[in-house]
Amino acid sequence: MIQAAQVASKFTLFTHHAKTFPNLVTALRNSMLRTGVFKNEKTAEEQVVQVLNFDIHLTKDFRGKRYVERITECIPIEEKNEYTFDHRKEKTLEGKFDKFFDNATHYFEKITDRKLYTYRNILEYVDGEYIITNPITDANLKGMRENMDESDLDQFDRFVERHWKKRNSRETVQVSAGIENMPKRRGRRPKAEI
């Protein structure tokens with residue numbers, strides 16, 4: 001499923017029974033390790049995180065009613081080079097050692113305890129109603145917008161602006177990119193009005 005989601009389609013739907021988002025990532029990572037395709041936990045987890053955009057977590061209450069408890073967005077953490085080469089500017093041996101140990105600390109943090117993702121709930125069911133708790137990242141908003149027809153896009157832009165005060169409409173794109181440089185829209189044809 002993870003391999004197919006990386007190359008075969010625009011989106012992949014699957015079910016799983018993990019209770020929390022970190023448990024979902026761990027379970028999928030362990031499944032990939034068990035297949036023998038991966039030997040390294042971090043590499044397998046990185047592959048999982050690249051595929052998971054959203055987790056729609058269903059639950060069942062004591063009466064047997066099923067509902068969406070939360071929608072969680074997975075946010076991969078991009079690796080940044082935080083090394084400094086300022087040691088060359090240092091005049092004293094003590095200053096050079098300080099810079100060296102700063103770089104060594106960054107290196108060992110990356111090797112031993114590097115976080116590959118973070119996550120946040122964007123919608124939660126609280127006291128009988130759905131609450132929008134956090135905004136969707138700009139990267140996922142952009143990907144969602146690219147796959148909408150005109151009528152869906154207008155409604156989506158209004159939703160985003162109303163709940164997160166983000167202007168993501170075509171007007172903003174036209175002002176910043178220029179009308180002649182705007183990319184062509186992709187996606188479904190607009191729905192026919194009846």
Side-chain angles (χ1 to χ4, degrees), residues 1-35 37-38 40-80 109-110 112-149 152-169 172 186-188:
M1 184 276 306
I2 298 294
Q3 289 175 329
Q6 288 177 321
V7 296
S9 63
K10 284 188 175 190
F11 69 94
T12 303
L13 297 174
F14 65 95
T15 62
H16 200 279
H17 296 278
K19 293 186 184 211
T20 67
F21 188 80
N23 288 352
L24 173 65
V25 173
T26 301
L28 292 173
R29 178 202 66 198
N30 291 345
S31 294
M32 292 185 68
L33 291 169
R34 274 193 299 274
T35 64
V37 175
F38 293 96
N40 181 295
E41 283 185 6
K42 289 287 186 190
T43 304
E45 187 171 309
E46 194 170 30
Q47 299 294 308
V48 169
V49 168
Q50 288 175 358
V51 167
L52 292 178
N53 290 65
F54 296 98
D55 170 37
I56 302 171
H57 185 79
L58 299 172
T59 194
K60 185 166 60 170
D61 67 13
F62 67 94
R63 293 181 189 94
K65 177 185 173 192
R66 283 198 180 276
Y67 61 96
V68 173
E69 182 179 44
R70 66 182 176 271
I71 298 177
T72 304
E73 180 180 19
C74 180
I75 306 164
I77 296 175
E78 293 182 29
E79 188 173 342
K80 296 177 183 171
E109 283 176 350
K110 284 184 176 187
T112 59
D113 196 27
R114 189 176 124 220
K115 286 184 72 176
L116 299 174
Y117 71 95
T118 185
Y119 63 96
R120 63 183 174 198
N121 292 341
I122 59 170
L123 181 130
E124 296 177 37
Y125 189 75
V126 179
D127 295 330
E129 64 180 0
Y130 287 102
I131 307 292
I132 295 175
T133 53
N134 291 293
I136 298 173
T137 59
D138 290 339
N140 274 328
L141 284 174
K142 182 179 183 248
M144 293 163 78
R145 291 180 87 255
E146 288 173 351
N147 290 288
M148 293 183 191
D149 66 27
D152 290 339
L153 191 55
D154 289 337
Q155 290 177 24
F156 184 70
D157 286 343
R158 285 194 300 273
F159 175 86
V160 168
E161 189 172 348
R162 181 174 65 244
H163 291 285
W164 298 310
K165 310 297 184 234
K166 287 186 178 188
R167 297 256 330 148
N168 233 357
S169 65
T172 306
R186 297 182 310 172
R188 301 183 313 251

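Positions are given from 1 along the sequence.
The minimum heavy-atom distance between Thr133 and Leu123, with the atom names listed, is OG1-N, 3.8 Å. The two residues Leu52 and Val25 have their closest heavy-atom pair at CD1-CG2, 3.9 Å. A pairwise comparison of heavy atoms in Glu41 and Arg29 identifies O-CD, 3.4 Å as the closest pair. When all heavy atoms are compared, the tightest approach of Asn23 to Ala18 is C-CB, 3.9 Å. The two residues Leu141 and Ile136 make their nearest non-hydrogen contact at CD1-O, 3.6 Å.
With values rounded to the nearest 0.5 angstrom, His16 atom NE2 is found 6.0 Å from Leu24 atom CG. The structure places CD1 of Ile132 at 12.5 Å from CG of Asn121, a figure rounded to the nearest 0.5 Å. Here the CD1 atom belonging to Ile122 is positioned 5.5 Å from the CH2 atom belonging to Trp164, to the nearest 0.5 angstrom. The line from CD of Glu45 to CG of Asn40 is 10.0 Å long, rounded to the nearest 0.5 Å.
In this structure, the ring-ring contact (aromatic ring centres under 6.0 Å, His included) partners of His163, at least two apart in sequence or on a different chain, are Phe159. Here Gln155 pairs with Arg158 under the side chain to side chain contact (heavy atoms under 4.5 Å, CB included) rule; sequence neighbours left out. Take Glu69 and apply the salt bridge (charged side-chain N to carboxylate O under 4.0 Å, His left out) test, not counting sequence neighbours, and it matches no residue. Applying the ring-ring contact (aromatic ring centres under 6.0 Å, His included) test to Tyr125 and every residue at least two apart in sequence or in another chain returns Tyr67, Tyr130. Partners of Glu124 according to the salt bridge (charged side-chain N to carboxylate O under 4.0 Å, His left out) rule, which considers only residues two or more places apart in sequence or in another chain, do not exist here. For Phe21, the ring-ring contact (aromatic ring centres under 6.0 Å, His included) partners at least two apart in sequence or on another chain are Tyr117, Tyr119.
Asp154 places none of its side-chain heavy atoms less than 4.5 Å from the side chain of Met148. Between Leu33 and Asn30, the closest side-chain pair of non-hydrogen atoms falls below 4.5 Å. Contact of the Phe14 side chain with the Leu28 side chain is registered, since non-hydrogen atoms from C-beta on lie closer than 4.5 Å. For the pair Cys74 and Val49, the minimum side-chain heavy-atom distance is below 4.5 Å.
Arg120 contributes a side-chain N or O that, together with a main-chain N or O of Pro135, makes up a donor-acceptor pair within less than 3.5 Å. Within the 3.5 Å criterion, the main-chain N or O of Thr137 finds a donor-acceptor partner in the side chain of Glu73.
Under 4.0 Å is where a charged nitrogen must lie from a carboxylate oxygen, and between Lys142 and Glu146 at least one such pair does.
Within a 6.0 Å sphere centred on CD1 of Ile56, other residues, nucleotides and ligands contribute 12 heavy atoms or fewer.
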